[in-house]
Every structure is written in C-alpha cells, then in structure tokens.
Amino acid sequence: MTDATVQGGAPAPRGSIHSIDARTAKRNRAEKRFRTYGKIAIGIGLFFLVVLFASIIRSGAPAFTRTVVDVPFTLTQTQYEEAEGTLFKTKAYSDFFIAALDNQLREQGVEAEFDADTIERLLGKVGSTIREYYRANENQLGEEVSFSLATSSRVDGYLTGRVTRESMTDSRFLMAADLDLVDRLVEGEIITSEFNWPFITGADSGVDNPGGAGIGASVVGSFFMMLVVLFLSLPIGVAASIYLEEFAVQNRFTDLIEVNISNLAAVPSIVFGILGLAVFIQFMHLPQSAPLVGGLVLTLMTLPTIIISTRASLKAVPPSIREAALGIGASKMQTVFHHVLPLAMPGILTGTIIGLAQALGETAPLLLIGMVGFVARGYPDGFLQGFVEPNSAMPAQIYTWAARADVAFYDKAWGGIIILLIFLMIMNIVAVVLRRRFERRW
Amino acid sequence: MMKDNIDTKVGVDAMETKFNCRDVQVYYADNHAIKDVNVDILDKTVTAFIGPSGCGKSTFLRSLNRMNDTIPICRVEGDILLDGEDINDAKVDPVQLRAKVGMVFQKPNPFPKSIYDNIAYGPRIHGLARNKAELDEIVEKSLRRGAIWDEVKDRLDAPGTGLSGGQQQRLCIARAVATEPEVLLMDEPCSALDPIATAQVEELIDELKANYSVVIVTHSMQQAARVSQKTAFFHLGNLVEYDDTNEIFTNPRDQRTESYITGRIG
Amino acid sequence: MPVFWLILIVLAIAAAGFVVGRSRALSSAEGDARKLHSLPSFYGNNVVIKAIVPAFLVMIVWLLAQPLVVASSVSGLIPESAIPDNSSRGLVMAEVRRAADGLDAAVASGGMTEDFARNARADFNDVTERLQEAGAIVTSQVTQPVLRAAQRFRVLNATGKTLMSGAVIALSILGALWGIRETKAEFRARNTVETSIRMLLIAAASIAILTTVGIVLSLVFNTVEFFRLYPASDFFFGTTWSPSFSGRGGSSELGVLPLLWGTFYISIVALLVAVPIGLFSAIYLSEYASSRVRSVAKPMLEVLAGIPTIVYGLFALLTVGPLLLSVFGPNGLGWMQAGTAVMTAGLVMGIMLIPFVSSLSDDIINAVPQSMRDGSYGLGATQSETIRQVVLPAALPGIVGAILLASSRAIGETMIVVLGAGAAAKLDLNPFEAMTTVTAKIVSQLTGDADFASPEALVAFALGMTLFVITLGLNVFALYIVRKYREQYE
C-alpha cells in the first residue's frame with residue numbers, strides 16, 4: 001500500500017509523537033502483516049519437515065518388526081523316514097506341522113479349523129522349511145525344536161492395522177477367512193512380534209515375497225561404492241584444490257577449470273548417469289550393476305562439491321603461515337604439504353563427509369548404470385569381488401521396492417529410508433563434531 | 001562542576017529549544033558509551049558535536065532519533081525530550097519520530113533507485129503528496145534545497161548511485177529534507193567527500209539552518225567552526241563542554257577542550 | 001582380477017625402488033646426508049614416481065583403447081550376409097560379446113575346456129547346448145559367424161591383457177631403473193620430484209575438464225546417432241510422445257514438446273511453492289528473527305536440503321499423492337484421476353527447493369549493506385517498508401540468480417518426477433493430470449529392454465542433451481548474475 005505513488009492527505013501538520021496518527025497505525029499494521037508472512041513461511045517450511053519425518057517414521061516402523069508363529073515341534077526318527085518315503089515329501093512335513101499347531105492350539109484352549117492352503121498363505125512353504133532343517137540337522141530328530149516361522153507380510157499388515165478385513169480383497173495371497181485363524185493364533189499367543197533382523201541383514205527377495213526382503217546386501221553395495229568414492233574423490237579433489245588454490249596462476253587454463261567446476265556442481269545428476277552409461281559401460285565395457293562403476297560415476301559427481309569445500313578450507317589458512325614456512329627456506333611444495341594441508345585437514349574432511357553423504361543418497365545416475373532391478377545376489381564372495389559383482393545400492397533398492405506393484409513392499413521402502421537416513425545422520429553428525437572439535441578461528 | 005555550567009543554560013530560551021537531554025546514558029552491552037549527558041539543542045541553529053574518535057558523539061547523535069534501536073545490544077537511559085515529549089516513551093513509534101528527526105549518514109547511501117524515486121521515497125511512505133503533481137513539486141523543492149537541482153534536473157530517471165560522491169551526499173540531504181523534518185541529524189556528512197564537495201555541503205548546511213535545527217557530528221574542528229553556532233565537545237563518553245562555537249574555540253573553559261582544539265589530544 | 005594384481009605388482013616395484021634409490025643416494029654421499037642436494041627420501045620418491053606414473057598411464061590408455069581395437073578387428077569378421085535384415089552391425093556385435101561372455105562363463109563353470117572354447121572347428125549346435133547347460137544366457141541359436149567372432153574376440157582380449165601386463169611391468173621396471181641411475185649426490189631430486197607432483201596436481205585439476213568433455217562427447221555422439229535414425233525436426237517439434245516397445249523403431253513418435261511441457265509445468269508449480277516460502281523465510285530469518293530463533297530454524301530448514309531425492313519421491317508417491325487424491329480425486333472435487341500428477345510432483349519438489357531458495361536468498365539479503373537500511377530507517381520507514389522498497393530491490397539481481405539456480409535444479413530433478421509425476425506424456429493444462437518430464441523419460445528409455453542402438457534408447461541421449469543445454473544455460477546465466485551482484489557490493 002505504501003508504494004502507491006501518491007496518496008493520503010495534504011502534508012499533515014506534525015502532531016505530538018506521543019499519539020500515533022492514523023497513517024502510522026496503518027503502516028504498523030502492514031508491518032505486522034509482513035512479519036506474519038515471514039513467520040507463516042517459516043512455519044510452513046518446518047511443518048513440511050515435521051510431516052515428512054512423521055510419515056517416514058510412521059510408515060517405516062512396520063518394516064522393523066515381523067510376526068512369527070512359534071510352535072514347539074518334535075519329529076521322531078520313524079516319522080522322518082516315513083515322510084522321506086512318500087511322494088510329496090514337503091506335504092508330509094506340512095501335515096506334521098499342522099498337527100503340531102493344532103495340538104498347540106488345543107493346549108491353549110482355542111478352537112480353530114484350518115487346512116494346508118491356509119497355512120501356506122499365512123506362513124509360506126512350511127513343509128520345505130522343516131524338511132530342510134531336519135535334512136541338515138538329523139541329530140535333532142526326536143528332540144523338541146521350536147520353529148519360529150515368519151508370517152507373510154499381509155498378516156503383518158493385518159496385525160499392525162494396515163490391512164483390515166474391510167479393505168482387503170480375497171486373493172491367492174490371503175483370504176478373509178484366513179484372518180479367523182490369525183485371530184485364534186493371537187488368542188493362543190502363538191503369534192508373537194519380534195525385531196526384524198532379516199530386514200536389516202538380508203538381501204532383496206522375489207516380487208511375491210515382500211516379507212523376506214532385506215536391505216543388508218544393498219547396504220554392502222553402497223559401502224563398496226562409498227569406498228570407491230572416498231579413495232578417488234578425496235585425493236583427486238585435494239590435489240585439484242591445492243593446485244587451484246596454491247599454485248595456479250591466473251590464466252585461460254585456470255579460468256577454464258574454474259568455470260568447469262562451478263558448472264559441474266550444478267549439472268543434473270542424471271546427466272552424470274548418462275556419462276557413466278556411455279563411457280564406463282558402452283565404451284569401456286565395465287560390468288553393469290557393479291559398485292565400481294557406481295562409485296566412479298558418483299566420484300565425478302561429488303568432485304566439484306569436495307573441491308569447492310576444500311578450496312574454502314585452504315583459503316581459510318592465513319597467509320602468515322605460508323610466509324613463515326617460506327621464510328625459513330621451505331619450498332612451496334613443502335610449505336603446502338607440511339603446513340597448509342594439515343591445518344586445512346579438518347575442514348577438508350568435513351567437506352568430504354558431506355560430499356559422501358550426498359553421494360550416498362543419490363539415485364538417478366545409479367538407475368542408468370543398472371544398479372536397479374533384482375540384481376542383489378546376496379553378499380559378494382570376497383572383498384575384491386565386492387567391487388565388480390552385481391549389487392544394488394540403498395537408494396536404488398528403495399526405488400525398486402517403491403516401483404513394485406505389491407503395496408507390501410512400500411513398508412520395506414519406508415524402512416529402507418529410515419536406514420538410509422540413519423547413515424546420513426551419522427555422517428552429518430561426524431562432520432559437525434569434526435568441525436566443532438578442530439575448527440580454528442584465525 | 002561541569003554540570004553547573006550547562007545547567008545555567010537550560011531553559012534560557014525555552015521556545016527555541018528542540019531537544020532537552022537529561023542524564024542520558026547509552027550502553028553497548030556492558031560498555032558504558034555515553035555518561036550523564038545533559039544538553040539542550042536549539043531550533044534554527046547548527047549544533048556541532050566534536051571530539052576524538054570513539055568519544056561517543058555519533059552514538060549520542062543516533063540516540064536522538066532512536067537509530068540505536070536497530071542495534072540489538074544497545075540500551076539508552078535518561079530523558080531525551082523533543083518539544084517537551086519523551087522520545088523513549090513506550091507510546092512513541094520510532095517511525096513517527098524519525099519522520100520528524102531526519103538523518104544523513106557518514107557515507108552517502110542513495111538507494112539503488114532513480115534520483116526521483118530516492119527523493120520521493122520519504123514523501124511516499126509518509127503520504128505527504130496527494131497526487132503526482134504534488135509529488136513532483138516536493139521532489140523539485142527538495143532537490144533545490146539540497147542544492148543539486150540544477151545538476152540533476154535533466155536526468156531524474158538516472159540511478160542515484162551513478163552520481164559523484166558529493167552529489168550523492170547532497171542527494172541524501174535532499175532526500176532527508178523531502179520528508180519535512182524539524183531536526184536534521186548529520187553524522188560526519190563530509191568525511192567521505194573531497195574538499196570541493198565538502199564546501200558545497202557546508203554551504204548547504206548553512207542555508208538549511210534557516211528552517212531546521214541541524215545537529216552535525218564532525219571530526220574537523222575547522223568545519224565545526226565554519227558551520228555551527230553551538231558546539232559540544234565530547235571526550236570518553238562525557239560531554240565536557242557545550243557553548244557558543246566562538247566561545248569554545250577562543251576561550252575554552254576545560255583543560256581537555258583546550259588540548260583537543262590545539263591538537264594535543266585527539 | 002588381473003588389473004588389481006598388476007597394480008599391486010607395480011606398487012611393489014615402486015616400493016623396492018624407493019628403498020634402493022634412497023640407500024643409493026646415501027651411499028653416493030658416503031652416508032652423510034648433508035652432502036646430498038636434497039633429503040634422501042626425495043631420491044626414493046623420484047624412483048617411485050618414475051616407476052609408477054608412466055606404467056599407470058600406459059595401463060589406462062591400454063584399457064581404454066583395447067576394446068576399440070578388438071571390436072573393430074572382430075567386426076571385420078562378420079560378413080554383411082550374417083547381419084539380419086532388421087538388425088544392424090551394432091546388434092550383432094552385442095550378440096558376439098554375449099557369446100564371448102557365455103564362453104567365459106562356461107569355461108569357468110567347467111562346462112567346457114579352454115581348448116574347446118577356442119576350437120574354431122567346433123560344431124556350433126554343440127557349443128550352444130553347452131552354453132545353455134553352463135547357465136550362460138544365450139537366448140537364441142548362436143550362428144556360425146557369431147561364434148567364430150566370439151572366439152576371435154576372446155582370443156584377442158586375452159592376448160591384449162597379457163601384452164598389457166608385460167608392457168606395464170616392463171615399463172615400471174625400466175622407470176625404476178632410470179630413477180635409480182639418476183641418483184647421485186648432486187642430482188636435484190627435490191626439484192624433479194616437486195615438478196612431477198605439480199604435474200600430478202594439474203592432472204587432477206584437469207579431471208573437471210575431462211568430465212565436461214566426457215559428458216559433451218557421450219551426449220553428442222549418441223545424439224548424432226539418434227538423429228541419423230530419427231529426423232531432428234520431428235524430435236524438436238513433434239507434439240506426440242509414444243515410443244513403441246518392440247525396440248524396432250518405425251512406429252515410434254518421439255516428439256520432445258510434451259516432455260518439455262511437463263518439465264516446465266512441474267518446475268513452475270515447484271517454484272510457486274518454493275519461492276514465496278523460501279524468500280519469506282529468508283527475509284524473516286535475516287531481518288527479523290532473534291539469533292536464537294535463527295540458530296534453530298535455519299539448520300532445521302536446511303535439513304530439508306540434505307534429504308535424498310528418493311525420499312521425496314517416495315513421499316510424493318505414497319503420502320502426498322494419496323492425500324491430494326482424497327481431496328481432489330473422484331471422492332472429493334473430482335479433478336484428479338490418480339495420485340501421480342503434476343501437482344504432486346511439483347508440490348514435493350517445491351518443498352525440496354525451499355531451503356535452496358532460502359539459504360541463497362539469505363546470503364544475498366545479508367550482503368545488502370547496512371547503510372542502505374540505515375538510510376531508510378533514518379527517513380522514518382518501517383522495517384517492512386525498508387525491506388520491500390530498499391533491501392529487496394537492491395538484492396533483486398541476486399535473488400533472480402538464486403531462483404534461476406533453483407529452477408535449474410527443478411528441471412534436472414529426476415527421482416521425484418519418476419515416482420510422483422506419472423508416465424503419460426501429455427500437453428495438458430490441468431495440474432492434476434499425470435504428466436511426465438525429460439528426466440523421467442531418460443530413465444525409462446534407458447532402463448527398459450530397448451537395444452542401445454535403437455532410436456527408442458538413443459532418444460534418451462537427445463533428451464539428455466536438451467536437458468544439459470537448458471540447465472547449463474540457466475546455470476551460466478545465474479552464476480553471471482550472482483557474481484555481478486556480489487561485485488556490486490564488495
């Protein structure tokens with residue numbers, strides 16, 4: 001209102017400053033409004049932050065618990081031989097299990113009707129699990145063993161309230177009638193909840209087994225990528241920064257490098273993915289889906305960030321230090337490596353960790369070099385193989401889950417995000433601590 | 001004992017007094033920057049504040065239109081009365097106060113706008129013009145008062161930042177005049193200017209005293225002697241001496257004043 | 001992993017060279033280090049550099065060149081008649097490579113002996129069978145020329161690797177010997193070493209240039225290839241995007257306009273969210289907030305910038321999309337058909353950009369000199385009048401630069417649009433419609449089944465080129481404005 005060209009009355013005779021005139025009151029209201037806009041803007045920003053974290057935590061938490069059915073089970077030698085003699089071996093074991101479960105329910109005083117199909121929908125292929133166990137541990141025959149069998153993710157969903165009887169439709173995965181048995185099992189305290197370790201340590205599962213999907217293998221993939229990024233981008237970034245900050249003379253070549261660095265810092269990450277695909281995979285025929293290639297692409301992407309922060313740390317070392325070293329006859333190179341670099345190191349490391357954190361969360365370039373899809377074959381065979389064997393990375397794994405049709409994978413994706421954010425948080429905290437601890441004010 | 005001297009001057013000519021300051025204290029956090037200052041500033045008079053660097057003269061000047069409010073750690077105590085009204089009263093809106101008590105700063109600070117918009121800024125926010133014609137009139141009048149009209153009348157749309165240093169400072173004075181203040185505070189207005197520009201500004205100050213009470217902080221004793229009728233000498237946060245300019249420069253009563261004007265301290 | 005072992009061997013040679021060089025320097029000065037021109041370790045390092053640098057350079061060049069040489073030589077083995085009508089030499093070469101990999105896998109798993117794999121007279125039906133048994137993926141029958149080419153391919157590659165190892169190790173030893181020969185008391189080892197290190201530093205700095213060159217070349221070559229198969233005018237002015245999924249071109253329509261429209265529409269929605277919120281936050285934080293509020297609110301807003309984009313993508317897909325759908329969907333206002341839409345992606349992208357706009361604007365507003373504010377307060381302006389009429393106009397160029405940088409971010413953002421915007425390419429005005437963007441299509445065209453030589457895959461490079469040119473232009477322009485602005489107040 002105040003920037004309207006001309007308004008208001010004739011030059012008002014200036015009254016007492018102890019009484020606020022109408023115009024000033026109006027202006028003060030405008031002032032208050034403006035200030036409120038600012039507060040609202042901050043409020044909206046923080047509100048989004050809270051909503052984001054709330055939805056991550058709320059949706060991600062279920063991935064960390066799983067429900068298991070605990071059934072004490074005894075298989076005698078004769079039963080074992082009898083089962084191994086039948087045609088459908090796993091069916092025989094499944095029948096033993098059903099009998100044991102029935103028994104267990106009756107002991108708890110709960111009545112329930114169920115058949116083998118129900119059990120398979122709820123607990124998966126129980127028979128083969130049991131058979132595998134006894135074939136591997138024949139000495140356990142005759143002893144009482146307690147099987148903790150993970151329920152399917154839809155049963156998890158029913159117990160956590162994600163799936164309700166009203167919202168679900170019958171499918172080959174779960175029938176509404178199956179939920180009656182689940183209710184009985186809960187009544188009989190046979191279903192229990194436990195921390196989902198397999199999610200944290202396991203590898204990705206097939207598309208129809210959301211319950212068995214784990215993020216562990218892709219954490220390892222990310223780890224190998226970060227190793228590549230760290231061991232390439234730190235030395236190269238530091239060397240480039242030292243040259244630009246300490247040795248470079250102002251000329252066209254230096255200008256070219258500077259312009260390149262500032263532009264690369266703003267190039268969309270997907271373009272680096274295209275570069276990786278064309279150069280590393282099509283041209284150099286490096287293996288697809290390998291953490292080595294992912295690491296190379298992320299290195300090129302992170303370098304500008306690291307160079308910019310390293311140069312800032314080098315610049316912060318006062319010239320007096322350099323003069324002191326040069327003054328006692330050290331060469332320029334010795335000055336830099338003996339004095340300037342060690343003093344700048346905390347800042348360089350902080351910048352590097354932040355660059356790594358950025359690289360850890362990057363997804364788009366990884367999609368292009370094939371670190372996506374069902375590539376997790378579990379853990380690599382050895383340290384060196386870890387770099388070249390196909391693997392996934394955390395963000396790519398999360399994307400894969402989010403892109404699957406089965407909504408049960410969404411829980412896994414959110415859970416994966418929690419793990420990813422925990423890693424990022426740790427890295428950022430380390431960076432902040434490093435800065436606080438070693439920061440020097442000159 | 002110093003106080004007695006000053007107190008005798010208070011209320012001599014109440015009609016002409018613009019500011020009555022009593023026991024003014026200014027603190028920057030724990031630093032006591034201004035101590036027990038008592039001074040009466042007269043209307044239609046140029047009053048000069050002189051003193052060595054860091055003596056508090058600028059700080060005191062800035063407390064006259066509550067510019068110190070913009071510094072969070074700064075605290076002002078004591079009474080500063082403008083036309084008999086306490087300017088630090090809770091009821092006072094500093095915005096209204098500053099419309100009455102304009103200010104010109106050490107470094108010329110034209111806004112990054114055209115010359116016209118620089119001058120029109122104050123009248124616009126205070127609503128002093130009813131229409132475009134009136135605003136044009138105010139702008140022309142202010143630029144004339146700022147003794148810069150002839151130099152810029154053909155390029156009112158040019159950016160104010162494109163003028164020379166002396167022109168910029170006169171533009172800033174014209175800008176301050178455009179809001180029709182009653183008092184004009186000038187914080188070392190010539191320190192960033194060359195001698196010729198300084199002479200132009202000093203001439204302008206001399207003309208302004210016909211309509212305004214002008215308070216000028218200056219480093220230069222010669223300038224104080226040239227432009228002011230009253231002079232106050234500050235030293236280490238104390239107002240050491242306040243009197244007619246002639247009196248201060250020819251017959252200082254305090255040892256410190258004499259040392260300063262003869263160049264032994266400062 | 002032979003390359004890894006090769007690196008270790010070179011490093012071992014270098015380590016031995018260091019010890020020898022250092023002790024030789026000392027002995028040439030009769031054990032008195034003071035008689036040496038440089039410190040003893042410099043002589044050692046001189047040997048190390050000469051043992052490592054040329055050897056590794058040759059290795060890198062060899063690794064880059066070998067696939068090209070081998071491919072061109074093998075490609076000559078395939079007669080024109082062996083290339084099917086609907087295929088190309090590139091596709092056949094890919095088949096050759098797969099067959100060669102298959103042979104490798106079969107040998108590794110014991111499905112055939114090395115000799116058998118090399119046997120040029122082997123019956124290719126038998127080979128195919130054995131390959132399938134060994135689990136190497138061979139989709140169709142391996143034809144005679146392909147098998148011959150694959151065998152040749154393996155042989156050439158193996159020979160190349162052996163030759164390379166020999167050359168690299170020999171070069172490393174020669175380099176070390178040269179360094180050791182140079183080692184005398186009066187040899188200026190420090191200067192030599194420092195010059196070499198300086199060269200290495202320059203090389204490291206040049207990687208930035210190499211990266212840009214790599215990006216430009218990989219985009220340009222593939223884009224030119226694409227325009228050879230698909231007319232450029234149809235790409236730039238086509239209003240339909242409907243790639244065929246057969247991977248055989250022909251019926252595909254690959255017009256970029258719907259994708260550009262989607263990109264700009266989503267970016268505009270994002271900026272409409274991010275700019276007001278970010279700018280007002282910056283104003284409040286830099287002009288009004290007490291230092292306590294600032295020290296809490298500023299880092300909290302910046303947390304938003306540190307969250308990976310995949311998280312925002314999931315947030316769009318699973319939280320914001322369903323939320324918008326419940327308000328604007330068929331059960332609400334009926335404007336929206338599915339959770340993925342321009343609005344969903346734009347809103348979430350806007351949230352991501354808030355800290356970007358706010359921290360850049362914050363810097364810029366803080367750079368406006370205090371004297372400007374004082375000048376305005378001195379005239380009796382209120383704080384908001386000062387901000388709106390003095391501070392913001394003064395900061396305007398910088399803020400424009402910040403907004404341009406933010407829009408370049410928005411245009412290049414991938415994960416949010418891949419997950420949140422939908423897949424349909426449309427020229428529509430309804431913000432609740434699903435649309436798609438340049439980045440999302442780059443991902444889908446390159447992660448699908450299409451062959452790299454087909455226009456459906458190559459179009460991704462033309463899209464990448466478009467994206468690169470647009471964002472580069474925005475960045476250069478924005479950086480220019482921001483730099484100009486900084487100079488103004490320095």
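Throughout, protein chains are lettered first and strands after them, A, B, ... in sequence-line order, and every chain is numbered starting at 1.
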Applied to residues 343-358 of chain C, the salt bridge (Lys or Arg N to Asp or Glu O under 4.0 Å) test, sequence neighbours excluded, yields none
Minimal heavy-atom distance between Asp362(C) and Lys298(C), with the atoms involved, is OD2-NZ, 2.7 Å
Okay, Pro110(B) and chain C: the region with an atom under 4.5 Å from a heavy atom over there is backbone
Basic-acidic side-chain contact under 4.0 Å: Glu180(B), Lys141(B): yes
So, the part of Ser376(C) with a heavy atom under 4.5 Å from chain B: the answer is both
Rounded to the nearest 0.5 angstrom, the CE-OG1 distance for Met372(C) and Thr161(B) is 7.5 Å
Of Ala381(C), Ser290(C), Pro393(C), the largest count of non-hydrogen pairs under 4.5 angstrom with chain B goes to Ala381(C)
Turns out that what part of Val101(B) lies under 4.5 Å from chain C's heavy atoms comes down to backbone
Answer with yes or no whether the side chains of Thr439(C) and Thr437(C) bring together a donor and an acceptor at under 3.5 Å. yes
Under 4.5 Å to a heavy atom of chain C? For Arg62(B) that would be side chain
Cut-off 4.5 Å, heavy atoms of chain C, and the answer for Phe111(B) is both
